[in-house]
Amino acid sequence: MGERFLMKGNEALAEAAIQAGCRHFFGYPITPQTELAAYMSKRMPKVGGTYLQAESELAAANMVLGCSSAGCRAMTSSSSPGISLKTEAISYMAGSDVPALIINVQRGGPGLGGIQPSQADYWQATKATGHGDFQILVFAPATVQEMVNLVGKAFDLGDKYRMPAMILADGMLGQMMEPVEIPDGSDLKLPEKPWATNGHQNKREHNIINSLYLTPQALEKLVKERFERYEIIKKNEQMAEEYLTEDADIIVVAYGASARVSHSAVDLARAQGIRAGLIRPITLWPFPTDALQKAAQTAKKFLCVEMSMGQMIDDVKLSINCSKPVAFYGRTGGMIPTPEEVLDEIIKLGGEK
Amino acid sequence: MTEFKRLTIILGHYGCGKTNLSLNIALDLASRGESVTIADMDVVNPYFRTGDYKELLQSRGIRVAAPIFVSTNLDNPSLPAAMDTIFEPGDDHVVCDVGGDDAGAFALGRYSAKINSIEDKEICYVINRFRSLTSTPEECAQILREIESASRIRATAVINNSHLQGLTTTEDIISSVDFAEQTARLLGLPLKFTAVENRLINELNLPNLYGVKRIVKPPF
């Protein structure tokens with residue numbers, strides 16, 4: 001493309017995936033994610049790809065497992081309740097060392113909850129996207145342009161580390177429109193996948209994609225190897241944006257749409273002479289502990305802002321070993337905090353002029 | 001001063017800016033002392049809707065007709081019975097903000113017989129060159145054909161609403177006018193006006209501009 005266009009977050013996620021070489025989308029509609037699937041249904045046939053609306057979220061996620069096993073860049077997308085249904089297959093992907101992209105455009109929960117934006121799936125995304133000992137890569141964009149950029153990154157790192165990757169967005173980011181530039185993926189070279197079950201042509205041993213192990217010793221060894229890989233990822237792949245943190249007394253920690261709100265709140269605080277700053281985690285797993293540890297050396301207090309009852313706050317406290325007080329402000333159920341509300345919390349924490 | 005018919009229907013591609021334009025037209029007419037009703041006829045879009053601005057509109061004396069479950073968690077595509085009455089003869093100016101694409105315009109088909117029998121009306125097809133999938137006159141024509149087929153209503157004018165939100169420059173507007181004229185010619189329709197954010201309007205020496213405010217935006 002090269003030119004800037006106005007796109008909804010959901011559409012931009014879809015187009016970015018196509019430009020990142022994804023030709024196989026398996027989904028099932030749910031608000032506020034539906035435009036992503038609708039866009040794929042229009043675009044995939046034009047680029048020789050597959051758009052398939054499955055009979056359920058479970059089926060869609062298992063189709064991704066199969067398609068990724070064959071070495072293709074495959075993805076699915078949904079919103080909170082739909083992601084819960086996909087978690088069994090995500091666990092199987094992790095247990096089979098298969099990369100795939102899963103997009104969660106979060107809405108209010110638990111249960112059917114509501115269709116307004118939320119960030120209450122943080123725990124699910126970063127701690128337990130299914131049963132068993134495993135992690136997935138989790139990216140949290142805060143602008144429509146960043147959604148585009150992180151889709152390519154999620155596919156690349158998923159392939160590199162052979163693990164599922166998730167874009168954890170929310171209804172606000174999915175539904176809002178912003179100008180974006182989509183990279184042109186026509187010259188893209190995808191990595192070789194010698195492990196894929198894509199036909200051995202009698203030229204090599206056949207590959208097996210599997211998550212069942214008949215002896216506990218074999219399974220323990222494999223899980224331990226996987227966790228060694230996770231340590232490398234934690235060391236190399238943390239991403240965070242730091243905004244006015246250097247001289248900040250109070251540092252707000254927020255991701256996604258909450259970070260947009262908090263960014264405005266920090267600006268309001270600075271306009272009043274309060275030394276506030278923002279750390280915006282871009283990777284939620286691996287969590288950007290390095291950025292937080294560095295900030296904890298100079299900041300006096302932290303304020304975690306989320307569209308939930310407080311989930312990421314656990315990781316903030318762990319990252320800094322509770323060395324500084326960490327307060328929380330959140331709205332939930334589909335409500336979005338306002339910059340003024342966050343400013344009030346900063347002032348309550350005694351932000352000094 | 002831009003003239004409006006008694007009934008103005010705003011149609012177009014998803015995200016071309018129909019709601020923001022509808023709100024501006026309704027507020028403009030109200031500021032001229034006209035009696036105005038705005039109808040949120042979008043049954044497909046969950047966020048960023050005319051119904052979300054009910055307080056602002058009502059504070060200016062504008063009546064708001066909206067789906068019963070607008071701005072709630074109920075994803076229920078239903079319109080109230082009272083929606084029927086806005087197409088009855090009366091003195092009010094009525095501005096109808098219709099859902100995007102053919103899917104969104106489908107609900108309008110329910111009222112097509114009534115609408116088609118109204119003389120004093122304008123069916124405006126809104127285009128935005130900077131919106132993905134509608135950057136050529138041909139793509140715009142294709143989408144209008146789908147909308148007209150779903151709604152059983154024919155557009156009578158084109159409105160150029162090309163913009164890139166806060167990043168729009170005067171050059172963007174100038175380049176979009178050419179595109180809008182080509183689109184209007186292809187469709188055989190007049191170009192009603194080019195909508196321009198108020199901050200840019202004095203820098204542009206173009207005929208037929210309509211100043212608008214950015215009302216529809218995220219809460220940060």
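The chains referred to below are lettered A, B, ... by the order of the sequence lines, with proteins before strands, and numbering in each begins at 1. A quick note: this is a predicted structure, and the numbers were derived from the prediction, not measured.
- Contact of the Met176(A) side chain with the Pro219(B) side chain is not registered, since no non-hydrogen atoms from C-beta on lie closer than 4.5 Å.
- Expressed to the nearest 0.5 Å, how far CG of Leu6(A) lies from CZ of Arg129(B) amounts to 11.5 Å.
- Glu178(A) has no carboxylate O lying under 4.0 Å from a charged side-chain N of Lys217(B), or vice versa, which leaves the two without a salt bridge.
- Contact check for Tyr47(B) versus Pro117(A): side-chain heavy atoms found under the 4.5 Å cut-off.
- The closest side-chain heavy-atom distance from Glu11(A) to Leu133(B) is not below 4.5 Å.
- In this structure, CG on Asn45(B) lies 4.0 Å from NZ on Lys8(A), to the nearest 0.5 angstrom.
- Around the CZ atom of Arg199(B), the shell of radius 6.0 Å holds more than 12 heavy atoms that belong to other residues, nucleotides or ligands.
- Options Val180(A), Thr31(A), Ile336(A), Thr34(A) differ in how many heavy-atom pairs under 4.5 Å they form with chain B, and the most are formed by Thr31(A).
- Across Val44(B), Leu167(B), Asn128(B), Val216(B), the residue that shares the most heavy-atom pairs under 4.5 angstrom with chain A is Leu167(B).
- Side-chain atoms of Pro218(B) and Met172(A), non-hydrogen and from C-beta on, do get closer than 4.5 Å to each other.
- With respect to Lys42(A) and Asp101(B), a salt bridge is recorded, a charged nitrogen being found less than 4.0 Å from a carboxylate O.
- Between the CZ atom of Phe48(B) and the CE atom of Met177(A) there is a distance of 9.0 Å, given to the nearest 0.5 Å.
- With Arg260(A) contributing its side chain and Phe220(B) its backbone, the two residues share no donor-acceptor pair below 3.5 Å.
- Interface remark: of the candidates Leu112(A), Ile115(A), Thr338(A), Val261(A), Ile115(A) forms the most heavy-atom pairs closer than 4.5 Å to chain B.
- Annotation: the span from Glu15(A) atom CD to Ser132(B) atom OG amounts to 7.5 Å, rounded to 0.5 Å.
- The shortest side-chain heavy-atom distance between Pro179(A) and Phe130(B) does not fall under the 4.5 Å cut-off.
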